[in-house]
Amino acid sequence: MPLLSLWESDQKTVEQFTVQQAVSFAGDGKLKDGSDCSLEFRKYLSQIETSKLKVYVEQCLGEAFDKSGLVLQDLINELGRRLDFQVQNGFYSGRKSAIGNDGLWKAPEGNHIILEVKTTDAYRMSMDTIAGYRARLIDEGEIGLSSSILIVVGREDTGELEAQVRGSRHAWDIRLISADALVKMVLLKENSDEEETGQKIRSILVPVEYTRVDGLVDVVFTTASDLDSELEETPALAAPAGETKLPRSNEVTDKDLLNAKRFAIISAMSNLVGSKLLKRTRAMYWSADRHARVACTISKRYEDGPSYWYAFHPSWKEFLEKGTNGYFVLGCMGRNDAFSIPLEELVPYLDFLNTTHSNKGRYWHIHLEELPNGQVSLVIPKRENVSLGRFRIDLPVQFESASS
């Protein structure tokens with residue numbers, strides 16, 4: 001059975017495959033440029049979790065097998081997509097008159113990165129050849145002068161190659177990173193929430209002169225601040241005038257419970273949209289084709305005032321608007337369901353909701369009221385509340401602590 005068909009019918013079995021086995025099930029199992037094997041394998045990679053990509057990278061580097069270098073090339077290009085680059089895969093093998101880069105990445109900021117992938121630095125490589133790829137792409141109008149080169153090396157011991165880059169006249173156009181560090185960057189971005197964090201992470205891959213380290217400190221500070229924030233707790237900031245203030249509590253929901261709740265919600269939403277949803281950031285998920293999109297946030301239950309409090313951020317709205325089907329999904333600790341509101345159903349109510357302006361910008365307050373019979377409504381200030389029954393989705397039974 002072809003890899004994608006097997007993946008759609010029995011994901012648990014495919015998740016046990018080694019990367020070599022996955023390739024063997026794709027097409028005719030022969031990884032060549034333009035082959036069905038290549039197309040199916042790349043599509044499969046676009047649908048699996050980053051944690052699985054990490055395992056596959058480790059398998060490629062742990063013990064070489066036939067075409068393992070080509071498989072690694074596909075894996076690295078997929079990691080580039082997870083960093084929000086637009087990626088063109090390069091050729092597996094050189095072709096006469098063709099440019100031989102392993103990939104071409106375009107950042108949302110507009111700059112391009114020419115990719116070169118090496119499993120090891122045991123063999124010297126020509127910096128002039130790689131720089132020649134960049135020069136040709138510039139001459140052909142494919143990229144601009146702001147472009148740079150990224151060499152991804154399989155193993156962390158890159159001393160020989162680092163020395164080679166430093167001694168090259170092209171050093172200012174080249175960045176070097178291990179495959180493991182690139183995976184860590186993707187996981188870091190997926191556990192963030194601010195768009196700025198993704199931009200800062202991508203900037204690390206672009207050559208910068210660091211005599212003055214302010215820019216590097218800015219990257220570290222922005223990323224650390226984002227990861228320390230708890231967007232589930234955002235509504236605890238001061239409420240607008242005339243609005244009931246959110247009761248403060250020293251009880252914080254365990255992160256493992258929050259993650260378990262989010263996992264259950266995203267699994268249910270994947271079934272709802274008919275496609276596996278992949279993590280883009282801590283709150284945002286999308287399908288491999290980017291059509292189905294979800295912004296998921298979770299609240300503990302409060303005893304005073306509205307039962308559940310959330311924030312809806314403009315960046316989430318913009319993200320959902322760019323898809324075909326966008327859902328704002330509200331998770332409720334202490335309940336075995338969630339509420340999946342299509343964006344087009346939510347937008348008409350935004351003008352009636354209270355907002356807060358913080359140093360990170362404006363966000364809307366989303367309040368849910370839980371009735372004694374268990375039904376839940378969206379609170380619309382000074383208007384009739386809106387029942388969310390038709391947006392309810394069931395979740396597997398969860399066992400949550402009393403602090404939920």
Side-chain angles (χ1 to χ4, degrees), residues 1-83 85 87-95 100-105 115-123 125 150-158 161 177-187 190 270 275-279 287-289:
M1 180 183 292
L3 178 62
L4 289 177
S5 298
L6 186 58
W7 171 248
E8 292 173 0
S9 63
D10 190 359
Q11 291 189 11
K12 289 185 178 180
T13 295
V14 177
E15 285 173 351
Q16 303 305 312
F17 284 1
T18 65
V19 69
Q20 194 171 3
Q21 290 172 323
V23 172
S24 69
F25 273 87
D28 62 1
K30 298 178 181 178
L31 203 59
K32 298 182 293 184
D33 287 314
S35 66
D36 289 340
C37 176
S38 173
L39 295 174
E40 188 169 2
F41 180 62
R42 289 173 179 175
K43 188 171 182 179
Y44 163 69
L45 293 182
S46 74
Q47 298 180 28
I48 63 177
E49 302 287 347
T50 299
S51 58
K52 191 63 177 180
L53 294 177
K54 179 178 185 293
V55 171
Y56 283 169
V57 168
E58 293 169 349
Q59 290 175 355
C60 284
L61 300 174
E63 185 174 347
F65 54 86
D66 184 38
K67 307 292 186 181
S68 59
L70 307 185
V71 174
L72 181 65
Q73 181 178 318
D74 280 343
L75 288 165
I76 298 301
N77 275 311
E78 181 57 33
L79 290 171
R81 293 185 178 91
R82 304 293 168 100
L83 288 172
F85 287 98
V87 175
Q88 295 179 25
N89 290 75
F91 293 114
Y92 291 130
S93 56
R95 293 185 176 185
N101 54 294
D102 292 334
L104 182 62
W105 298 2
L115 177 70
E116 186 71 15
V117 181
K118 296 294 179 186
T119 56
T120 176
D121 72 341
Y123 305 98
M125 57 192 301
L150 177 66
I151 301 175
V152 180
V153 183
R155 294 169 179 84
E156 294 184 21
D157 184 10
T158 59
L161 190 52
I177 190 172
S178 69
D180 180 64
L182 186 64
V183 170
K184 289 176 181 177
M185 289 178 68
V186 174
L187 293 173
E190 290 181 350
S270 293
S275 181
K276 185 175 178 63
L277 294 170
L278 300 171
K279 192 174 188 180
S287 57
D289 61 11

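Side chains are part of it too, since the values below use all heavy atoms of this structure and drop only hydrogens, waters and symmetry mates. Note that the structure is predicted; figures quoted are calculated from it, not measured.
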Who passes ring pair (Phe, Tyr, Trp, His ring centres under 6.0 Å) against Phe91, sequence neighbours left out?
none

Who pairs with Asp74 by salt bridge (Lys or Arg N to Asp or Glu O under 4.0 Å), at least two apart in sequence or on another chain?
Arg42

By salt bridge (Lys or Arg N to Asp or Glu O under 4.0 Å), which residues pair with Glu58, not counting sequence neighbours?
Lys54

When you look at Glu40 and Lys43, which way does the salt bridge (Lys or Arg N to Asp or Glu O under 4.0 Å) test go after all the steps?
CA-CA 5 Å; Glu40 188 169 2; Lys43 188 171 182 179; over 6 Å; no

When you compare the side chains of Thr50 and Glu190, does any donor N or O come within less than 3.5 Å of an acceptor on the partner?
yes

Nearest 0.5 Å, please: how far is CD1 in Ile76 from CZ in Arg81?
12.0 Å

CE on Met185 to CG on Asp180, rounded to 0.5 Å:
12.5 Å

By ring pair (Phe, Tyr, Trp, His ring centres under 6.0 Å) - contacts of Tyr44 (at least two apart)
Trp7

Apply the test side chain to side chain contact (heavy atoms under 4.5 Å, CB included) to residues Leu182 and Val57: give CA-CA distance (whole Å), side-chain angles for both, the deciding distance (0.1 Å), then the verdict.
CA-CA 11 Å; Leu182 186 64; Val57 168; over 6 Å; no

Within 6.0 Å of NZ in Lys32, more than 12 heavy atoms from elsewhere:
no

Flag the pair Phe41 / Val19 as yes when at least one side-chain heavy-atom distance between them is below 4.5 Å, and no otherwise.
yes

Measure the spacing between CH2 of Trp105 and CG of Leu79 and express it to the nearest 0.5 Å.
7.0 Å

Give me the atom names and distance for the closest heavy-atom approach of Leu61 to Gly154.
CD1-O, 2.9 Å

Could you measure the distance from the CG atom of Leu70 to the CG atom of Leu75? Nearest 0.5 Å is fine.
11.0 Å

Is there a side-chain contact between Val152 and Leu150 (heavy atoms, below 4.5 Å)?
yes

Are the side chains of Thr119 and Cys60 in contact, using a 4.5 Å heavy-atom criterion?
no

Hey, could you give me the CD/CD distance between Gln59 and Gln20, rounded to the nearest 0.5 Å?
9.0 Å

On a heavy-atom basis, which atom in Ala64 and which in Ser68 lie closest, and how many Å separate them?
CA-OG, 3.9 Å

Sequence-distant partners of Lys67, salt bridge (Lys or Arg N to Asp or Glu O under 4.0 Å), two or more places apart:
none

Can you tell me how far the CD1 atom of Ile151 sits from the OG atom of Ser178, to the nearest 0.5 Å?
13.0 Å

Are Asp289 and Ser287 linked by a side-chain donor-acceptor pair shorter than 3.5 Å?
yes

Ser38 side chain to Ser35 backbone, donor-acceptor under 3.5 Å:
no

Asn101 backbone acceptor or donor facing Glu116 side chain under 3.5 Å
no

Just by modelled atom types, is the Thr18 backbone N or O under 3.5 Å from a matching donor or acceptor in the Gln21 side chain?
yes

Testing Tyr56, Tyr92, Phe65 for side-chain contact (heavy atoms from CB on, under 4.5 Å) with Val71, which one passes?
Phe65

Can you find a pair of side-chain heavy atoms, one from Leu277 and one from Ser270, that are under 4.5 Å apart?
yes

Here the pair of heavy atoms bringing Gly29 nearest to Cys37 is C-SG, 3.7 Å

Quick one: closest heavy-atom pair of Leu45 and Arg82, and the distance?
O-NH2, 2.9 Å

Partners passing salt bridge (Lys or Arg N to Asp or Glu O under 4.0 Å) against Glu49 (at least two apart in sequence or in another chain):
Lys276

Could you walk me through whether Leu72 and Lys118 pass the side chain to side chain contact (heavy atoms under 4.5 Å, CB included) test, one step at a time?
CA-CA 9 Å; Leu72 181 65; Lys118 296 294 179 186; over 6 Å; no

Would you find a donor on one side and an acceptor on the other, under 3.5 Å apart, between the side chain of Gln47 and the backbone of Ala288?
no

Just by modelled atom types, is the Asn89 backbone N or O under 3.5 Å from a matching donor or acceptor in the Asn77 side chain?
no

